[in-house]
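One-based numbering, in listed order, for ligands and for the atoms of each.
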Amino acid sequence: MKIFTTKKELQQYLLQIKGLHKSIGLVPTLGALHKGHISLIEQAQKNNDVVVCSIFVNPTQFNDPKDLEKYPRTIEADIALLEQVNCDILFNPPVSEIYDDNEQWHLEIGPMEQLLEGKSRPGHYQGVTQIVSKLFNIVNPDTAFFGQKDYQQFSVISKMVELLKMPVQLVMCPIKREADGLAMSSRNIHLTTADRQHSLVLSKTLNWVKENFNRSEIQQLKHKAELMISAEEGVELDYFEIADGETLLPANEDTKTIVALVAAKVGKTRLIDNVLLIHGQ
Ligand code: PAF
């Protein structure tokens with residue numbers, strides 16, 4: 001695997017690849033890689049000739065400095081994992097390579113920016129769009145791969161690509177789960193043994209909502225789900241929403257694509273999860 005830490009060297013190398021008319025897939029990550037990330041790399045390998053993984057703990061998307069400081073950094077293990085799955089290129093720049101001092105960014109994303117994660121983490125999606133647009137401009141990928149676990153992030157990035165008319169195709173890959181249902185996340189490292197047990201209420205509740213989706217009204221399902229999660233020891237519910245999969249506004253009985261999304265603090269760790277709901281299934 002080729003490892004680049006500067007834009008210039010990466011771009012010079014990618015120019016040669018583009019000269020050979022090879023397609024490029026990009027998997028942007030914050031590192032602390034797990035099987036969920038690896039599934040993105042594998043999907044990118046299926047769809048593209050060359051795969052670039054970026055590892056960059058992007059400071060502008062963390063509204064809480066403690067969260068940024070605490071974010072797991074496991075670069076040696078990440079490199080070993082990427083080599084094991086034959087990833088072609090790793091882009092692992094320092095912050096100074098990506099940001100100039102006092103750099104400004106604002107993208108008018110629309111109402112979605114203020115909902116759910118956006119409400120709990122003000123400015124988060126400005127930071128996400130800022131870094132993802134930079135990575136798209138540096139790598140110029142044909143296709144970029146993101147996990148469904150960050151469903152709202154995928155919607156926001158799709159909106160950015162549409163607004164800025166960026167020539168990249170986006171692919172959303174399914175959530176990878178542990179055997180007991182917990183959605184894989186780099187943050188799971190922080191869960192204590194007790195937290196780990198309590199965290200299961202999130203996927204269990206989402207599954208319960210999915211199973212009962214065609215049997216109950218949306219408002220009743222949401223209310224019951226909120227009660228189920230709030231009743232779990234050590235879990236502090238942030239939001240549970242049954243939303244329109246396109247706008248992320250609350251869904252009603254006529255909404256076509258529906259997604260149930262949850263965020264909660266389990267012990268000291270904030271987790272998110274979601275499930276797509278289908279009428280008539
Ligand atoms: O989902 C993530 O890991 C990050 O938000 C991303 C897309 C790599 C941007 O920093």
Side-chain angles (χ1 to χ4, degrees), residues 4 7 10 24-41 43-44 51-65 67-75 77-78 81-82 87 89-99 103 105 107 109 112-113 116-118 120-139 141 143-161 164 166 168-176 183-190 248 261 263 269-274:
F4 296 100
K7 293 181 274 191
L10 172 67
I24 296 171
L26 172 66
V27 180
T29 80
L30 296 169
L33 302 182
H34 52 68
K35 286 186 192 144
H37 295 111
I38 298 308
S39 74
L40 302 183
I41 303 273
Q43 189 58 53
V51 174
V52 180
C53 174
S54 64
I55 295 182
F56 180 67
V57 183
N58 173 40
T60 68
Q61 72 187 74
F62 287 82
N63 55 317
D64 175 0
D67 192 24
L68 171 62
E69 195 188 312
K70 236 179 68 178
Y71 201 83
R73 288 158 172 90
T74 57
I75 191 67
D78 291 351
L81 210 52
L82 289 173
C87 180
I89 299 171
L90 166 62
F91 181 46
N92 179 216
V95 173
S96 58
E97 182 67 15
I98 298 295
Y99 292 114
E103 199 171 307
W105 167 267
L107 183 70
I109 302 164
M112 193 188 288
E113 190 192 344
L116 309 170
E117 284 305 285
S120 299
R121 304 176 69 189
H124 173 62
Y125 288 121
Q126 288 302 327
V128 168
T129 51
Q130 183 179 28
I131 184 60
V132 174
S133 71
K134 277 178 182 275
L135 291 169
F136 284 178
N137 289 330
I138 295 166
V139 176
T143 322
F145 299 80
F146 298 89
Q148 185 197 318
K149 191 171 77 67
D150 295 287
Y151 187 94
Q152 188 175 4
Q153 168 171 275
F154 188 85
S155 308
V156 165
I157 294 171
S158 305
K159 185 82 194 161
M160 174 186 80
V161 164
L164 302 182
M166 296 179 123
V168 55
Q169 190 202 339
L170 302 180
V171 176
M172 182 163 77
C173 301
I175 299 177
K176 281 275 163 197
M184 289 186 186
S185 162
S186 306
R187 293 177 190 270
N188 292 352
I189 290 179
H190 296 310
L248 293 179
L261 307 113
T269 310
R270 190 166 183 283
L271 299 179
I272 57 171
D273 198 353
N274 67 78

Report task. Mind telling me whether Phe146 and Phe154 have parallel, tilted or perpendicular rings, with 30° and 60° as the class edges? Result ->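 Because their plane-to-plane angle is over 60°, the rings of Phe154 and Phe146 count as perpendicular.
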Query raised in the report: Does the pair Arg270/Glu117 count as a salt bridge with the N-to-O cut at 4.0 Å?
Result: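 Result for this pair is yes, salt bridge flagged.
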Report task. Output, in order, the C-alpha distance, side-chain angles, deciding distance and verdict of side-chain hydrogen bond (donor to acceptor under 3.5 Å, both in side chains) for Trp105 and Thr129. Result -> CA-CA 9 Å; Trp105 167 267; Thr129 51; 3.1 Å; yes
Query raised in the report: Would you say the side-chain atoms of Asn188 pair up with the backbone N or O of Ala183, donor to acceptor, closer than 3.5 Å?
Result: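 Yes, the answer is positive, given that a donor and an acceptor are paired below the 3.5 Å cut-off.
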Hey, what polar pairs (N/O, under 3.5 Å) does ligand 1 make with protein?
residue  : atom   : partner : partner atom : Å
ligand 1 : 1 (O)  : Gln153  : OE1          : 3.4
ligand 1 : 1 (O)  : Gln153  : NE2          : 2.8
ligand 1 : 5 (O)  : Gln61   : NE2          : 2.9
ligand 1 : 5 (O)  : Gln153  : OE1          : 2.6
ligand 1 : 10 (O) : Gln61   : OE1          : 2.6

Requested in this report: Count the heavy atoms of every other residue, nucleotide or ligand shown that sit under 6.0 Å from NZ of Lys35, and state whether that count exceeds 12.
Outcome: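 Check fails, neighbour count at 12 or below.
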Requested in this report: Test Leu261 against every option in Ile272, Asp273, Leu116 by the side-chain contact (heavy atoms from CB on, under 4.5 Å) rule and name the one that passes.
Outcome: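 It is Leu116; the other options fail the test.
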